[in-house]
Amino acid sequence: MNFKRLLQVIKYILLAILGVLLIGLLVLFAKPLWHRFVTYPGLQKQVEAFQLKKKDCPAVSDLKIYRGVLHLHSYWSHDSKGTIYELLEAAKLRNINFIFLTDHPHGNLDTFPRGYRRGMYDGVLLEPGSEKQGFDAWPLQDGVVDWKTNKDTVAKQLVSNGGMVFYAHTEEPHNWNNPYYQGMEIYNFHTNVKGKKSTLPIITDFLINGPKYRAWAYRTIFERQTAILARWDTLNMHRKIVGFSAVDEHENVNFRARYLKDGKVQWMGINTKPIDTVKVSFWNRWMFHEPDQSGWIFRWMLVNTYETSFNNSVNYLFADTLTVSNISHHLIQGHHFTAFRFLADATGFCYFGEGKDGKMAGMMGDSIKISDLKKLSAVSPFPGRFTLIKDGKSVDITSNEQYQYSFDKDLQKGAYRLEVEVKPGKDWQPWIYTNPIYLY
Ligand SMILES: [Zn+2]
């Protein structure tokens with residue numbers, strides 16, 4: 001082969017490699033780009049138009065409504081670096097009234113107080129808790145939890161001493177017959193992520209759409225967690241198990257940098273793992289800004305943020321006052337529902353039983369005597385499709401969009417919960433899951 005021929009062969013090989021690379025990139029980014037310029041702007045417009053349909057609801061309960069997030073992580077967890085400033089900024093932006101943290105403990109002896117202490121921070125109520133042994137656990141007081149103890153015993157001890165124990169990650173096995181746990185997650189964003197074959201399409205979608213359409217990138221991952229809801233229904237046929245949604249937010253699939261004491265810069269990557277420590281130089285200086293309140297001099301929020309998840313699945317709780325004792329009391333009572341809020345804010349929604357005397361006989365989470373009940377009712381600030389589920393079976397479904405719902409036919413002993421879907425575009429989308437009303 002002469003020299004000219006060799007150059008030609010090399011040229012063709014390089015062109016072929018370039019072609020394959022281009023095709024690969026196109027395949028990888030075609031869908032996210034389609035989302036960016038077609039799907040998400042369309043969905044955004046539909047949701048904004050739908051949100052104009054808001055109507056004031058008649059007040060049906062004397063209790064106030066508080067919006068809260070449960071099961072989330074801060075700097076105390078090994079896989080998060082979230083600070084109080086970041087939590088509060090997101091809470092205020094998204095009108096969140098209470099945050100119940102579940103940090104991973106350091107070792108088996110888990111001492112409270114640790115991490116951020118219980119209290120009101122700038123109008124937001126914060127309560128520390130633990131995610132361990134498949135529990136979302138909040139002791140609700142100072143003390144030590146010994147996680148070496150058999151976990152059923154831990155649940156018993158915590159609950160007997162006035163604490164709160166809910167089951168986390170309910171796609172995983174648990175001792176469902178344990179008589180002490182009070183509730184379970186009926187939606188967790190991570191459960192949806194774990195259910196996907198590959199995380200690459202998720203990452204590429206956030207890479208392209210994170211800055212402008214992060215909420216829709218979250219929503220693309222969403223799937224109704226049907227098996228979990230079915231298990232919840234079965235459990236509620238035997239005793240009250242409260243259902244709530246977990247944001248499970250760590251704000252940790254991101255890149256950050258901060259100064260170390262010696263003036264060097266530490267870079268952190270996915271899961272907040274340190275990836276490099278470098279000196280500030282002519283070459284990297286332009287990337288850094290003055291440290292923010294949390295100490296970051298660089299933040300590239302690639303995937304998950306408190307701000308987006310605080311608008312994704314939100315627990316709407318009926319309570320008297322914004323105190324740990326009152327909020328946890330009503331959480332355990334099941335006086336709450338979950339709403340996927342970026343579709344529409346569900347403030348004003350209520351699911352309740354109307355008594356024969358015309359007054360409220362009880363709301364979601366309550367038990368009502370059938371002989372006292374006239375009907376099961378709901379009011380909603382947005383028009384939706386209501387599905388009434390009794391002991392896991394759909395017993396009634398409204399055919400079109402309505403702001404009010406009532407059911408008075410053939411009321412029998414059992415757990416009745418309501419799901420509400422909204423239709424901002426062509427399809428019905430899950431919007432609200434209420435806790436059940438227990439008829440006896
Ligand atoms: Zn978690």
Side-chain angles (χ1 to χ4, degrees), residues 68-84 86-87 90-91 94 96 98-108 110 112 114-116 118 126-140 145 147 151 154-155 158 163-175 181-196 199 202 206 218 221-223 225 228 231-232 242-254 256 268-273 301-315 328 331 338 340:
V69 283
L70 297 103
H71 183 167
L72 66 158
H73 301 262
S74 74
Y75 82 95
W76 189 261
S77 297
H78 63 272
D79 50 2
S80 175
K81 284 283 181 284
T83 70
I84 190 76
E86 291 162 332
L87 288 164
R94 298 307 187 186
I96 292 294
F98 63 93
I99 294 174
F100 274 43
L101 290 165
T102 50
D103 280 309
H104 301 297
H106 301 179
N108 283 320
D110 193 8
F112 289 83
R114 43 71 155 174
Y116 291 121
R118 146 178 335 116
L126 193 93
E127 179 63 21
S130 285
E131 181 185 6
K132 180 87 176 168
Q133 303 277 33
F135 295 170
D136 293 313
W138 295 276
L140 304 176
V145 183
W147 292 105
K151 61 183 180 182
V154 174
L158 281 168
M164 199 161 74
V165 175
F166 293 165
Y167 279 177
H169 293 290
T170 44
E171 74 282 6
E172 286 167 7
H174 287 276
N175 178 9
Y181 73 103
Q182 298 137 315
M184 64 182 274
E185 294 177 356
I186 54 170
Y187 178 77
N188 182 324
F189 176 71
H190 273 179
T191 306
N192 278 160
V193 176
K194 279 200 268 179
K196 307 288 178 211
T199 50
I202 298 177
F206 276 98
Y218 266 65
I221 301 164
F222 175 87
E223 268 175 76
Q225 295 172 355
I228 288 170
R231 181 186 297 281
W232 182 44
V242 164
F244 75 102
S245 63
V247 288
D248 205 356
E249 188 54 74
H250 300 66
E251 222 181 54
N252 64 350
V253 189
N254 301 302
R256 300 157 196 254
M268 265 170 272
I270 311 296
N271 272 329
T272 70
K273 285 210 176 77
M301 305 314 273
L302 174 62
V303 176
N304 52 344
T305 64
Y306 290 129
E307 185 198 320
T308 315
S309 61
F310 286 13
N311 201 35
N312 191 35
S313 63
V314 175
N315 294 282
S328 57
L331 279 169
T338 275
F340 298 100

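Numbering of ligands and ligand atoms starts at 1, following listing order. This chain uses plain numbering: 1 for the first residue, then up along the sequence.
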Neighbouring protein N, O or S atoms of the Zn ion (ligand 1), below 2.8 Å: 4
Under 3.5 Å: donor-acceptor pair, side chain of H73, backbone of G82: no
Modelled atom types, side-chain donor and acceptor of E249 and S309, under 3.5 Å: yes
Ring geometry between F166 and W138 (parallel below 30°, tilted from 30 to 60°, perpendicular above 60°): perpendicular
Partner residues of H169 under the ring-ring contact (aromatic ring centres under 6.0 Å, His included) criterion, sequence neighbours left out: H71
Side chain to side chain donor-acceptor pair (under 3.5 Å) partner of E171, chosen from R231, Q225, K194: K194
Parallel, tilted or perpendicular: rings of F340 and F222 (30°, 60°): perpendicular
